[in-house]
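Notes to accompany the following structure.
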2 protein chains.
Amino acid sequence: MSRSPAPHGRTGRPPLTSRAQILVAARRLIDQDGWEKLTIRRLAAEIGIGTTTLYHHIRNKDDLLLLLLNHHIEQIERPQLPGDPRERVITAATALHDALTAWPWAAEVLSADGFVGLLDESAMWMVEAIVAGAGDHGCTPEQSVDVFRNIWYYTVGEVLVRAHSARRLGEGRPFAYRDDLDPSHVPHLAAIGVRWAALAARDIYPEGLRTFVDGLLAQATPRGAG
Amino acid sequence: MSRSPAPHGRTGRPPLTSRAQILVAARRLIDQDGWEKLTIRRLAAEIGIGTTTLYHHIRNKDDLLLLLLNHHIEQIERPQLPGDPRERVITAATALHDALTAWPWAAEVLSADGFVGLLDESAMWMVEAIVAGAGDHGCTPEQSVDVFRNIWYYTVGEVLVRAHSARRLGEGRPFAYRDDLDPSHVPHLAAIGVRWAALAARDIYPEGLRTFVDGLLAQATPRGAG
DNA sequence: GCTACTTTCGGAACGTGTTCGAAAAGTCAA
DNA sequence: TTGACTTTTCGAACACGTTCCGAAAGTAGC
């Protein structure tokens with residue numbers, strides 16, 4: 001593809017590779033072998049180009065992953081946002097959480113470079129919905145930003161910890177249990193003992209999110225909501 | 001050092017290198033040039049041994065960082081824990097947060113492998129204090145574990161996001177601001193505009209933690225606390 | 001046709017964490 | 001003293017992300 005003799009006015013050597021082509025090949029590799037196996041060299045070989053040629057179409061690997069994430073988020077169907085501001089915050093945060101859970105490496109990239117400045121506008125509705133929900137509930141703009149940031153910290157932490165814990169789930173102890181705990185030093189932990197693993201395997205994000213949002217919104221309105 | 005002819009009963013070639021020696025050298029390198037500059041090869045060169053010799057004394061680099069973190073936590077003075085269970089949870093979580101903030105790469109290692117199973121017992125008092133505080137407040141053991149996990153998610157998320165955002169603070173936009181936001185699509189974000197950067201630079205962990213802990217403990221006791 | 005200029009392509013090389021396998025240096029039993 | 005065994009040491013090598021720099025392939029002006 002892309003074999004036109006010259007798009008007129010364009011100078012320089014005509015490109016054989018397009019960014020769209022790279023993204024398609026990357027998605028194919030991820031679907032086939034998982035995103036852990038996606039390397040720059042493998043991707044270039046899959047396309048049939050030199051390794052360093054990729055760097056004329058993407059800044060680096062993080063940039064590539066970010067482009068893939070943005071495309072993934074665009075595919076997500078936007079949920080119907082409830083009328084209640086609190087429920088709107090919950091719905092948007094849950095959508096954010098689900099999107100990141102599906103592509104856990106994205107959370108690494110995002111936490112590594114700051115969230116809002118990197119995503120396309122097609123993903124901004126989640127941030128907007130949270131900030132707007134907080135505002136409609138009676139928060140000042142400053143408080144609304146705080147609400148979003150707190151939710152973001154909690155969400156990215158949950159996604160990262162659980163994604164990385166799941167990797168070790170096949171081998172050895174599932175989440176985090178030690179059987180060498182001294183009951184005289186850490187009595188409560190020792191009493192929980194082996195049950196920790198089972199307890200830690202449960203998904204507590206929905207409940208934790210509700211609790212956190214309730215607290216954040218309540219704190220923002222010291223006297224009656226609007 | 002370590003030049004005794006044979007510690008009796010020990011077979012095999014006598015070691016020239018000790019794990020303690022490696023840890024001391026690693027701390028010296030980190031203090032000199034920062035932990036970003038700590039590489040396996042530099043560390044080996046600093047000690048004066050072959051690169052691969054290190055791998056007979058540590059499992060891998062993450063293991064090395066974990067050993068350093070454990071040593072760092074041991075050095076921390078344990079704060080006087082308040083009598084009020086809620087304040088005890090806050091104090092322990094804050095100590096956890098401060099320890100991770102001082103060594104941000106540690107949060108990566110910990111989130112990558114699960115928390116409790118990796119730290120020495122000298123760091124377990126933080127987990128114990130949180131779980132015990134929740135229990136003393138009236139939580140069941142299951143609820144207490146949930147309280148800890150929620151706090152852990154929030155804390156590790158905050159540390160990771162802020163540590164990685166700080167890296168980009170010198171170049172370009174500090175945290176996350178886009179000036180290409182369409183007010184008709186994201187009115188609240190557009191209204192906040194450039195103020196986002198200043199708002200996002202503030203430290204909201206202490207307040208967010210209090211809010212979260214209040215909500216978590218309140219939810220755990222539907223009818224009056226003990 | 002020739003010379004600039006511009007853009008794309010890609011091989012070579014660097015530094016990284018890590019693995020493999022062989023050599024070195026000790027103990028122990030015969 | 002010899003041979004088996006065990007542990008430590010480390011050079012060679014691998015795959016990774018990334019940078020450098022020269023070659024390739026087009027247009028634009030003369």
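To find a chain, count down the sequence lines: A is the first, B the second, and so on, and within it residues start at 1.
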Problem - Test: Arg59(A) and Asp63(A) ion pair at under 4.0 Å - result: yes

Practice task
Whole angstrom is fine here: how far is it from CD1 in Ile47(B) over to P in dT9(D)?
Solution key: 11 Å

Handout entry: Flag, side chain of Glu128(B) to backbone of His188(A), donor-acceptor distance under 3.5 Å
Key = yes

Exercise for the section: Whole angstrom is fine here: how far is it from CG in Asp62(B) over to P in dT16(C)? Expected result: 16 Å

Exercise for the section: Send over the distance from Asn60(B) CG to dC20(C) P, rounded to a whole Å. Expected result: 14 Å

Practice task
Determine whether the side chains of Thr155(A) and Tyr205(A) contain a donor N or O and an acceptor N or O closer than 3.5 Å.
Solution key: yes

Problem - Between dT18(D) (C1') and Leu64(A) (CG): distance, integer Å - result: 14 Å

Exercise for the section: Do nucleotides 5-15 of chain C as a string where each nucleotide becomes B, S or -: B if the base has a protein heavy atom under 4.0 Å, S if just the sugar-phosphate does, - if no protein is that close. Expected result: -BBBBBBBB--

Handout entry: Protein-nucleotide distance (Leu43(A), atom CG; dT18(D), atom P), rounded to Å
Key = 12 Å

Practice task
Check whether any side-chain N or O of Arg149(A) sits under 3.5 Å from a backbone N or O of Arg202(B) as a donor-acceptor pair, and report yes or no.
Solution key: yes

Practice task
Count the heavy atoms belonging to other residues, nucleotides or ligands that lie under 6.0 Å from CZ of Arg210(A), then report whether that count exceeds 12.
Solution key: no

Practice task
Round to a whole Å and report the spacing from CD1 of Ile40(A) to P of dG17(D).
Solution key: 5 Å

Exercise for the section: Mind jotting down which residue pairs meet the salt bridge (Lys or Arg N to Asp or Glu O under 4.0 Å) criterion with at least one end in residues 12-21 of chain B? Sequence neighbours excluded, please. Expected result: none

Exercise for the section: Specify the separation, in whole Å, of atom CD of Glu36(A) and atom P of dA15(D). Expected result: 19 Å

Practice task
Calculate the interatomic distance between Leu54(B) atom CG and dG11(D) atom P; express it in whole Å.
Solution key: 12 Å

